[in-house]
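Structure record follows, encoded as structure tokens.
Proteins come first, then strands; the chains are lettered A, B, ... in the order of their sequence lines, and each starts at number 1.
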Number of protein chains: 2
Amino acid sequence: MPIQSLTERQQKVYDFVKEFLEAHGYPPTLQEMANTLKIQPSAVRAHLLLMAKKNALRYVPHISRGIELLQERPVGIPIYGSAPAGHPFMAQDNIVDTFELRRYISASDDLFGVYVRGDSMKDAQLSTGDLLFVDPKKDPRNGEIVVAAVEGEPTIKRYYKEDGTIELRPENKKYKPIVVNTWDENFKILGVVIGMIRALDKKKLDTIAADYQTHGRVS
Amino acid sequence: MPIQSLTERQQKVYDFVKEFLEAHGYPPTLQEMANTLKIQPSAVRAHLLLMAKKNALRYVPHISRGIELLQERPVGIPIYGSAPAGHPFMAQDNIVDTFELRRYISASDDLFGVYVRGDSMKDAQLSTGDLLFVDPKKDPRNGEIVVAAVEGEPTIKRYYKEDGTIELRPENKKYKPIVVNTWDENFKILGVVIGMIRALDKKKLDTIAADYQTHGRVS
DNA sequence: CTTTATAGTATATAAATTTACACTATAAAG
DNA sequence: CTTTATAGTGTAAATTTATATACTATAAAG
């Protein structure tokens with residue numbers, strides 16, 4: 001069922017509910033809406049009933065504050081695609097998806113993060129300051145990037161398993177691969193890197209730089 | 001003020017409010033809570049008042065359903081730092097921060113995203129499939145990466161302003177900079193790239209590849 | 001052994017909130 | 001020119017909801 005467009009007045013009511021909800025955490029009463037919009041509660045009620053019919057919200061009669069907004073714009077971030085020439089880039093119908101972290105980085109609950117240090121994964125386009133999302137429950141496949149502990153030292157490398165050995169390859173010719181036996185006790189896969197996020201604005205970069213001295217990163 | 005921990009019963013009430021909110025979009029009444037928990041409204045009220053004192057929620061007396069949950073547990077992801085040799089990497093005291101998207105990518109509300117296409121920003125370590133976070137309200141500074149529309153075509157480049165001209169430089173020697181006049185009407189800065197996220201697990205990469213044919217990316 | 005915090009029952013009252021009903025008015029559609 | 005959808009006013013009644021008050025009970029702390 002498509003979302004029918006709201007009239008000007010209905011939009012005003014809808015907006016008020018939205019703002020009220022954000023401010024208070026619960027919806028307004030008919031009275032509260034009526035006061036702000038300077039109309040009668042009965043009139044507000046009529047608007048709500050109409051909007052409910054249009055599927056813009058749910059209105060439960062007999063229930064105080066019984067309003068639920070639908071089409072909650074997700075906390076998400078709209079993602080624009082490329083549009084045909086001449087078509088405005090930032091138009092509603094050029095939104096190809098909505099970004100929600102939970103959906104994008106879908107992994108087990110005990111997902112964790114590490115910051116990258118150094119240039120050993122340069123050719124995989126990972127650089128100092130990048131934040132990696134690591135899934136500790138996922139079994140690594142050959143070619144995937146993993147966080148491993150070698151003799152207690154965490155390190156980021158590409159994973160290749162062959163017979164009884166595991167090879168951890170850096171992505172930079174300057175460094176050499178590490179080869180360990182699968183039964184080696186001084187070695188442990190901490191998790192598989194399933195995502196990465198990088199801050200690019202200057203203020204954030206400064207913060208990261210400051211952090212750098214306080215906390216370590218994993219190379 | 002630290003969040004004092006809830007007693008077992010308080011947690012039950014809290015959880016019920018949370019579930020009710022998710023199911024209905026508005027908080028429950030004392031009566032509704034009392035019915036489900038099989039206690040009296042007065043008892044529920046007492047719990048709410050206590051929890052409000054503990055800052056677990058806001059409770060507005062005299063207001064029907066006047067409950068707002070606070071401390072929405074952030075969808076946060078723990079970030080581990082590098083620990084002294086021998087110290088277990090994934091220990092509680094090695095958590096240097098918690099990742100929350102809204103804090104990490106702090107920008108104006110109308111933040112949007114675009115997927116990268118092509119290799120024109122290769123040397124800035126951006127590759128096809130990366131998702132960029134773009135702030136349309138931020139004024140670009142020299143050297144920052146921006147999304148611009150040149151003759152209607154969106155493009156990702158590094159921004160340099162000098163006198164009356166703006167230079168949009170790719171980060172790949174294969175491509176040439178674009179130079180436009182500041183007053184050029186066929187040119188518009190759509191926003192400044194303030195962050196990037198990349199999916200690295202295979203399943204996600206496949207999804208992106210499938211998407212690729214349906215929707216476009218911005219080069 | 002007394003205080004304090006938590007957890008409850010039970011009931012009447014007060015206040016908040018929704019609702020029904022009777023009307024008016026305007027603009028667009030058929 | 002009549003119907004339909006929207007947008008209201010105003011009021012009393014019905015219902016929902018919160019609150020005050022008086023008690024009981026348990027466990028932990030001092």
Side-chain angles (χ1 to χ4, degrees), chain A residues 1-21 23-71, chain B residues 1-21 23-71:
Chain A
M1 216 170 297
I3 308 133
Q4 293 168 59
S5 64
L6 302 179
T7 65
E8 199 179 329
R9 213 70 180 106
Q10 288 166 0
Q11 189 65 53
K12 284 248 169 72
V13 176
Y14 187 98
D15 289 345
F16 178 74
V17 174
K18 202 168 97 180
E19 279 165 36
F20 191 101
L21 257 172
H24 300 88
Y26 47 85
T29 62
L30 299 182
Q31 205 47 259
E32 284 161 343
M33 291 184 266
N35 290 342
T36 308
L37 299 170
K38 296 188 173 58
I39 54 175
Q40 298 298 314
S42 326
V44 174
R45 191 163 180 270
H47 288 309
L48 291 177
L49 287 168
L50 283 171
M51 283 194 277
K53 212 176 278 178
K54 287 181 180 177
N55 275 309
L57 47 77
R58 205 165 290 153
Y59 175 65
V60 190
H62 302 279
I63 294 292
S64 70
R65 302 172 195 274
I67 302 168
E68 182 182 6
L69 296 188
L70 303 175
Q71 283 97 49
Chain B
M1 216 171 297
I3 307 132
Q4 293 168 59
S5 63
L6 302 180
T7 66
E8 200 179 328
R9 213 71 179 107
Q10 287 166 1
Q11 189 65 54
K12 285 250 170 72
V13 176
Y14 187 97
D15 289 345
F16 177 74
V17 174
K18 203 168 95 179
E19 281 166 35
F20 191 99
L21 257 172
H24 300 88
Y26 47 85
T29 62
L30 299 182
Q31 205 47 260
E32 283 161 343
M33 290 184 266
N35 291 342
T36 308
L37 300 169
K38 294 186 174 63
I39 54 174
Q40 298 297 315
S42 327
V44 174
R45 191 163 181 270
H47 288 309
L48 290 177
L49 287 167
L50 285 170
M51 284 194 279
K53 211 175 278 176
K54 287 181 180 177
N55 274 310
L57 48 77
R58 205 165 291 152
Y59 176 65
V60 190
H62 302 280
I63 293 293
S64 71
R65 305 173 194 272
I67 302 167
E68 182 182 8
L69 297 188
L70 304 172
Q71 280 96 49

Figure out the [atom1]/[atom2] separation between [X] and [N], and round it to whole Å.
X: A:Tyr14; N: D:dA7; atom1: OH; atom2: P; result: 17 Å
X: B:Glu8; N: D:dA27; atom1: CD; atom2: P; result: 14 Å
X: B:Leu30; N: C:dT9; atom1: CG; atom2: C1'; result: 16 Å
X: B:Lys54; N: C:dA5; atom1: NZ; atom2: C1'; result: 9 Å
X: A:Met51; N: D:dA5; atom1: CE; atom2: P; result: 18 Å
X: B:Arg45; N: C:dT9; atom1: CZ; atom2: C1'; result: 16 Å
X: B:Gln11; N: C:dT6; atom1: CD; atom2: P; result: 15 Å
X: A:Leu48; N: D:dT6; atom1: CG; atom2: P; result: 14 Å

- [ ] Could you pull out the closest heavy-atom pair between B:Phe20 and B:Pro28, with the gap in Å?
- [x] CD2-N, 3.5 Å

Task: Heavy-atom closest pair, residues B:Pro27 and A:Gly25 - done: CG-O, 4.2 Å

Less than 4.0 angstrom between a side-chain N/O of [X] and OP1 or OP2 of [N], yes or no?
X: B:Arg65; N: D:dT17; result: yes
X: B:Tyr59; N: D:dT19; result: yes
X: A:Ser64; N: D:dT17; result: yes

TODO: Applying side-chain contact (heavy atoms from CB on, under 4.5 Å), name anything that partners B:Leu50, two or more places apart in sequence or on another chain.
DONE: B:Gln10

Task: B:Thr7 side-chain proximity, nearest of C:dT17, D:dT6, C:dA7 - done: C:dA7

Task: Residue B:His47, side-chain atoms from C-beta onward, closest of D:dT17, D:dA7, C:dG8 - done: C:dG8

- [ ] Show your reasoning for whether side-chain contact (heavy atoms from CB on, under 4.5 Å) applies to A:Leu30 and A:Leu48.
- [x] CA-CA 9 Å; A:Leu30 299 182; A:Leu48 291 177; 3.5 Å; yes

- [ ] State the NZ-CE distance between A:Lys12 and A:Met33, to the nearest 0.5 angstrom.
- [x] 15.5 Å

- [ ] Can you measure from CG (A:Leu21) to CD (B:Glu68) and round to the nearest 0.5 angstrom?
- [x] 9.5 Å

Open item on the list: Looking at B:Arg9, I want to see if its CZ is surrounded by more than 12 non-hydrogen atoms of other residues, nucleotides or ligands under 6.0 Å.
Closed with: yes

Open item on the list: Can you give me the dot-bracket string for DNA chain D, 5' to 3', counting Watson-Crick and G-U wobble pairs with both distances under 3.5 Å, using [ ] for crossing pairs and | for partners on another strand?
Closed with: ||||||||||||||||||||||||||||||

Return the polar atom pairs (N/O with N/O) between nucleotides 28-30 of chain D and the protein under 3.5 Å, or none.
none

Open item on the list: So if I take residues 31-44 of chain B and measure heavy-atom distances to DNA chain C, which residues fall below 4.0 Å?
Closed with: B:Lys38, B:Ile39, B:Gln40, B:Ser42, B:Ala43

Task: Pairwise side-chain contact, A:Ile63 with B:Arg65, heavy-atom cut-off 4.5 Å (strictly under) - done: yes

Task: Side chain to side chain, A:Tyr14 and A:Lys18, heavy atoms closer than 4.5 Å - done: yes

Open item on the list: My understanding is that only residues two or more places apart in sequence, or in another chain, count here; which of them pass side chain to side chain donor-acceptor pair (under 3.5 Å) with B:Gln11?
Closed with: B:Asp15

Task: A:Tyr26 and A:His24 aromatic ring geometry - parallel, tilted or perpendicular at 30°/60° bounds - done: tilted

Side chains of residues 34-46 of chain A: which donor-acceptor pairs under 3.5 Å do they make with residues two or more places apart or in other chains?
residue : atom : partner : partner atom : Å
A:Asn35 : ND2  : A:Gln31 : O            : 3.4
A:Thr36 : OG1  : A:Glu32 : O            : 3.1

